[in-house]
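Data first, discussion second: the structure below is written as structure tokens.
To find a chain, count down the sequence lines: A is the first, B the second, and so on, and within it residues start at 1. Computed from a predicted model, the values in this text were never measured in an experiment.
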Amino acid sequence: MPNAGRPSFRPASIAVESPDGKAPRHKYEPAQIEPVWRSRWKKSKLFEVADPKPGELVDKFYVLEMLPYPSGRIHMGHVRNYSIGDVIARFWRMRGKHVLHPMGWDAFGMPAENAAIERGRHPADWTHENIATMRGQLEPLGFSYDWSREVATCEPEYYRWEQQIFTRMLDKGLAYKKSAIANWCNRCETVLANEQVEDGRCWRCGSEVVQRELDQWFLRITRYADELLEGLEALKGGWPDQVLAMQRNWIGKSSGARIRFPLTDEAKRVAAAAVGPTQTPSALLADGLDVFTTRADTVYGVTFVTVAPEHPLARAAAKGGPNAAAVAAFLEKMAKVKDQERASESAPKDGVATGLFVRHPLTGADVPVWVGSFVLMGYGTGAVMAVPAHDTRDFAFARQHGLPIKVVIKPVEAAAPVVAEMKDATTEYGVMLASGEFDGLSSQEGKKKVAAKLASMKLGEETVSYRLRDWLVSRQRYWGCPIPVVYGEDGAVLPVPDSELPVLLPRDVQITGEGGSPLVRHPTFSKAKDPRDPRKPARRETDTFDTFWESSWYYHRYTSPHFDQGPFDPAVAGAWMPVDQYIGGIEHAVMHLLYARFFHKVLIDLGFLPQGAAREPFKALLTQGMVTMQTQFVNDAKGMPVYLYPEQVDEGGKARAPGYEGVAVERGRVEKMSKSKRNVVDPDAMVAKYGADTVRVFMLFASPPEAELIWSDAGIEGAHRFLARVFRTIRDIVALPKAPPAAERSGDAMALRRKLHQTLQRVTVDVGERQQFNTAIAAMMELVNELVPATAKVQAGQPSPGLAEALRESAELLVHMLSPFAPHLADELWSTMDGEGFLLSRRWPTVDEEAAREDAIEIGVQVNGKVRGRIRVAKDAPEGIALALAREEASIAAHLGDKMPKKVVYVAGRILNIIV
RNA sequence: GCCGAAGUGGCGGAAUCGGCAGACGCCCCCGAUUCAAAAUCGGGUUCCCGAAAGGGAGUGUGGGUUCAAGUCCCACCUUCGGCACCA
């Protein structure tokens, strides 16, 4: 973009006369500078970006920060996230990219409902107020958002489209209903979120939480399991390896075999009796008990079979099996224990015998069926064949319950273990034994052959299993997007037709936290008409969507936020997508990012996006760490900690809180900033005190983006001092008398230019490639540390040809480099040097490689691996020269003595190591 | 428990590909400036021994590979993130 014709702006800062009447001084007053520049940016619509026109070749760059939940006030974690995003957005715009940088609100969610319960506020009012407050808090930080694209997900203009997407998913079989377990409080008659369960009790009334089955909506994300897994390959390099690993493990693909153990007659009878005459038996029990195993080679070592407490056979055994009472008691006990604890390896291997038997598919032997705490219904088939000799958990279970152990694998070059002497299972691959026709085969071979044999008997097959489960999207809550379905009198599940969308969330509800979802109790909401025949009544679905739904597609909506013919304009979305840089907390590494990836693929497959669109929505991902701070507390009469806000502690470490005045404050651990621990710093107060630029620079300087950031008041002072130093120094440079151009450059001038261009090089790489903003700022600090004495030298009139020009060049390049970090200050300083327009509209400066070049560098010289001195040599000096120089160095010669070097290791430009 | 990270001076951190540990900032100390203070400017600042020159130790712990390890390998400890209804 050419800069011609742009007006220059007047500086907003005012010169202050010093009281002694000497030269006017300039004081860095952010409060004077920042509002002026923000209003100039706004007036010129600097941050609004036009959509690429069809067919136009645009070098676009989509920078996206995870949209916030409007919880009430902005916290430092948001400020950090958005400061990182803003540096990236501004940097790439200066690099000539056409940048999209939007912001919005993830406005549905539980806290709004909790506020309604606790304070009687309507969730809609509470949410809208919070959005207004938080938008107001973001404004003074000077982020370069295109606010004309703002989105709030609780608006019908937004959620109507996710209703439409849902009906399309329903058509394709991607959405379905099945029974699932939820936390249930009998007293409040309501479903509880996991975080609302404290020690197995309801957080509100304290009564015991039970597991209850409900018919719920699921999305078939498992259909995309393979693609979600394989897609990770394409993200290598752009996404952190750790996130890719977490997603890979979450999907948890494992290859193995499904093996069917036929039921004995008695087991069949018990199973049939339990399901009753009208219901068909579960698919899991149709012709036998299916297990999933990755070790088909150990099938001859099966001594029992373990099923999950939720397994249909366990249920049946509890109702009518030979050991029904004990099984029923066990099932009741397990209903109160979370999967996480049940599956833990150190957990007791609780279990109970069902008294039922199945037949071994190859030997025909009767195998007892047990119910085990560690078997999870959600994985595989909810049943495992137990091979205690070769599986750690089965081994522990067998020992605990006195079940037989049978060795069927031996190491290749050792004898088979003796059962009586075994202390643990031997899980390594080896050679099969005591396995009939398979004896002598390797584990790898055996797995295939066993599976093939079972397949020929129609009692098994090779298969893959995923840890990933289908996504449960139903919530029995009010403040969410209504699921657009009605149920006909005949029980038919009927999607709401497009013409009747959106299904509006009614405003007139009673929110008490008791008696189930407010939508169920609403007088008219659930009363609907049958779309097939409007004369017939139908019952409307009262569940709402999981709020991960909204955040799974919002990044598309930003591309055409006002489009009213569909969720987004496919052409515009196609032009902007994929997101080039996504930035957010590491806590979203698995769920949000997996759901969003899934949605993006579904949107393409449903035709909402062009078929040829890139199948991964986020090309690059930056996961930032949390903002933490020391907690401080005093002890109350019972010795319990009473946490204090930072402002409740005076400099002497004494409390100022009511009731605890003057009490010595104890310092607790450093924890994530949270209201409950009161270790919070209000962004507003910091901006008021130091200015937005200082807050931004500190956030970026204090830690690398992916690491935890520990807030410190002293640290922010340092950031402020740096900016004040930049301000003063550049004003001093601008005020220098103009000298005629020097014909030659002094050593000082060359050294300064070298530092300048090396700094530009470092900042360019640190921001553009490494995304290490702390080191970029450190580099600029180093430059300023050299500008200060150089400026003083010129001010003092000491001759140094070319230095004044080098200083001017430095000032000019520095404001460009600094502008993504401290945009208000940079534009202000730019205006004092008669710069045109805004820095954001200018091009990022180019490194003068010649000026940056370093001819001689210092390298360390080691004697026997210990550094004994340093020499200054050319970067590519040959070994002979380096060695000769080293010998001349007294400190090195002293260590060498007259010993002959045994070996010399020389890496040019890095190290010289002499071994004697 | 499982999956993924992190651990470096008094503090936040730097060291980009195995090559000078501690860049930059904070704190603290000394000096200049000032009637004085703040601010600013200059200097010092890993620890131990030493007056100094210099020497020794040192990147969570224990081992290993290497001419050379904060960086690679093995084991362990501690802290943090996620674990499917918090977002």
message = Over all strands shown, is Phe701(A) touching base, sugar-phosphate only, or nothing at heavy-atom distances under 4.0 angstrom?
response = base
request  = Give the rounded distance in Å between these two atoms: CH2 of Trp471(A) and C1' of rA84(B).
outcome  = 11 Å
inquiry  = Under a 3.5 Å threshold, yes or no: a donor from one side chain and an acceptor from the other, between Glu706(A) and Gln771(A)?
reply    = no
message = Counting only Watson-Crick pairs (N1-N3 plus N6-O4 or O6-N4) and G-U wobbles (N1-O2, O6-N3), all under 3.5 Å, who is the partner of rA15(B)?
response = none
inquiry  = Less than 4.0 angstrom between a side-chain N/O of Arg725(A) and OP1 or OP2 of rC41(B), yes or no?
reply    = yes
ask   = Does the ring center of Trp553(A) lie less than 6.0 Å from the ring center of Phe599(A)?
value = no
request  = Give a yes/no on whether any side-chain N or O of Arg728(A) is located under 4.0 angstrom from OP1 or OP2 of rC41(B).
outcome  = yes
ask   = Between Asn774(A) and rA14(B), does any side-chain N or O lie under 4.0 Å from OP1 or OP2?
value = yes
message = Tell me the interatomic distance from Asn249(A), atom CG, to rA84(B), atom C1', rounded to whole angstroms.
response = 15 Å
query = Is it true that His720(A) and Phe698(A) have ring centroids separated by less than 6.0 Å?
reply = no
query = Is there a donor-acceptor contact under 3.5 Å linking the side chains of Glu717(A) and Tyr690(A)?
reply = yes
key: Sugar-phosphate, base or nothing in reach of Glu113(A), heavy atoms under 4.0 Å   = nothing
ask   = Side chains of Thr127(A) and Phe108(A): does their closest heavy-atom pair fall under 4.5 Å?
value = no
inquiry  = Closest approach to the side chain of Gln772(A), judged atom by atom: which nucleotide of rG25(B), rA14(B), rC86(B) is it?
reply    = rA14(B)
key: Interatomic distance, Arg467(A) CZ vs rG1(B) P [rounded to whole Å]   = 16 Å
Partner nucleotide, any strand, of rU46(B) [Watson-Crick/G-U, under 3.5 Å] = rA57(B)
task = Could you state the atom-to-atom distance from CD1 of Ile251(A) to P of rG4(B) in whole Å?
result = 14 Å
Watson-Crick or G-U wobble partner of rC26(B), both distances under 3.5 Å = rG10(B)
ask   = Near Lys902(A) NZ, under 6.0 Å, is it more than 12 heavy atoms from other residues, nucleotides or ligands?
value = no
Show me the protein contacts with nucleotides 6-8 of chain B, counting only N or O atoms at under 3.5 Å.
none

query = Is rU40(B) paired to anything, Watson-Crick or G-U wobble with both distances less than 3.5 Å, and if yes, which nucleotide?
reply = rA32(B)
query = Out of rA87(B), rC3(B), rC41(B), which has the shortest distance to the side chain of Met246(A)?
reply = rC3(B)
note = Ranking Arg477(A) and Asp766(A) by the position along RNA chain B of their nearest nucleotide, the one closer to 5' is Asp766(A)
request  = Determine the contact category for His592(A): base if any of its heavy atoms lies under 4.0 Å from a base atom, sugar-phosphate if only primed atoms, P, OP1 or OP2 are that close, otherwise nothing.
outcome  = nothing
request  = Consider the side chain of Gln242(A), meaning its heavy atoms from C-beta on, and name the nucleotide among rA5(B), rA84(B), rC85(B) that approaches it most closely.
outcome  = rA5(B)
ask   = Is the closest side-chain heavy-atom distance between Gln862(A) and Ile911(A) below 4.5 Å?
value = yes
key: Residues Asn183(A) and Gln196(A): side-chain donor-acceptor under 3.5 angstrom   = no
Selected nucleotide, minimal atom distance to Trp250(A) side chain, candidates rA84(B), rG42(B), rC80(B) = rA84(B)
query = Mapping Arg762(A) and Leu472(A) onto RNA chain B by nearest heavy atom, which one lands closer to the 5' end?
reply = Arg762(A)
ask   = Hey, do the aromatic rings of Tyr379(A) and Tyr466(A) have their centres closer than 6.0 Å?
value = no
message = Is there a side-chain contact between His588(A) and Ser551(A) in this structure, where contact means two heavy atoms from C-beta onward sitting under 4.5 Å apart?
response = no
query = Under 3.5 Å, side chain of Arg696(A) to main-chain N/O of Phe821(A), donor-acceptor pair present?
reply = yes
Sugar-phosphate only, base, or nothing, as touched by Phe548(A) at under 4.0 Å among non-hydrogen atoms = base
query = What is the nucleic acid contact for Met626(A), judged by heavy atoms within less than 4.0 Å: base, sugar-phosphate only, or nothing?
reply = sugar-phosphate
query = Which part of the nucleic acid, if any, lies within contact of Val765(A), taking any heavy atom under 4.0 Å across all strands shown: a base, the sugar-phosphate backbone alone, or nothing?
reply = nothing
ask   = Has Asn785(A) got a side-chain N or O lying under 4.0 Å from the OP1 or OP2 atom of rG25(B)?
value = yes
query = Are Trp471(A) and Tyr595(A) close enough that their ring centres sit under 6.0 Å apart?
reply = yes
task = Indicate, with a heavy-atom threshold strictly under 4.0 Å, whether Leu468(A) touches base, sugar-phosphate, or nothing.
result = base
inquiry  = For rA87(B) and Thr547(A) - does any side-chain N or O of the residue sit under 4.0 Å from the phosphate oxygens OP1/OP2?
reply    = yes
note = From CD of Glu717(A) across to P of rA38(B) the rounded distance in Å is 14 Å
task = Report the relative orientation of the aromatic rings in Tyr554(A) and Tyr582(A); use parallel for angles under 30°, tilted for 30 to 60°, perpendicular for over 60°.
result = tilted
task = Examine rG13(B): is either OP1 or OP2 under 4.0 Å from a nitrogen or oxygen in the side chain of Ser703(A)? Give yes or no.
result = yes
task = Could you tell me whether rG60(B) is syn or anti, where syn means a glycosidic angle within 90 degrees of zero?
result = anti
task = Would you classify Pro704(A) as touching base, sugar-phosphate or nothing, given that sugar-phosphate means primed atoms plus P, OP1 and OP2, and contacts are heavy atoms under 4.0 Å?
result = sugar-phosphate
message = Going by purine N1 to pyrimidine N3 plus the second Watson-Crick contact, or the G-U wobble pair, all under 3.5 Å, which nucleotide sits opposite rG62(B)?
response = rC74(B)
ask   = Does Arg770(A) make a side-chain N or O approach to OP1 or OP2 of rA15(B) shorter than 4.0 Å?
value = yes
request  = Name the orientation of the base relative to the sugar in rC17(B): syn if the glycosidic angle is within 90° of 0, else anti.
outcome  = syn
task = Run the salt-bridge test on Lys875(A) and Glu854(A) with the 4.0 Å N-O cut-off and return the result as yes or no.
result = no
Euclidean distance, atom CZ of residue Arg870(A) to atom C1' of rG19(B) [Å, nearest integer] = 13 Å
ask   = Given rG56(B), is OP1 or OP2 found less than 4.0 Å from the side-chain N or O atoms of Arg868(A)?
value = yes
Nearest-Å distance for atom pair CG/P, residues Asn864(A) and rU66(B) = 16 Å
query = Does Arg475(A) have a side-chain nitrogen or oxygen under 4.0 Å from the phosphate oxygens OP1 or OP2 of rA87(B)?
reply = no
inquiry  = Counting only Watson-Crick pairs (N1-N3 plus N6-O4 or O6-N4) and G-U wobbles (N1-O2, O6-N3), all under 3.5 Å, who is the partner of rA69(B)?
reply    = none
query = Contact class for Gln476(A) vs. all strands (heavy atom < 4.0 Å): base, sugar-phosphate, or nothing?
reply = base
RNA chain B-proximal residues of residues 904-916 of chain A, any heavy atom under 4.0 Å = Val905(A), Val907(A), Arg910(A), Ile911(A), Asn913(A), Ile915(A)
request  = Give Ala589(A) one of three labels, base, sugar-phosphate or nothing, depending on what nucleic acid heavy atoms sit under 4.0 Å from its own.
outcome  = nothing
request  = Measure the distance from CD on Glu708(A) to C1' on rC11(B) and round it to the nearest whole Å.
outcome  = 14 Å
note = The nucleotide from rG81(B), rA87(B), rC24(B) with an atom nearest the side chain of Ile586(A) is rG81(B)
ask   = Roughly how far apart, to the nearest Å, are rC29(B) and rA68(B) at atom C1'?
value = 37 Å
task = Hunt down the Watson-Crick or G-U wobble partner of rC2(B), both distances under 3.5 Å, from any strand shown, or write none.
result = rG82(B)
query = Reckon Lys866(A) has a side-chain N or O less than 4.0 Å from the OP1 or OP2 of rA57(B)?
reply = yes
query = So, is His895(A) close to the rG55(B) phosphate, meaning a side-chain N or O under 4.0 Å from OP1 or OP2?
reply = yes
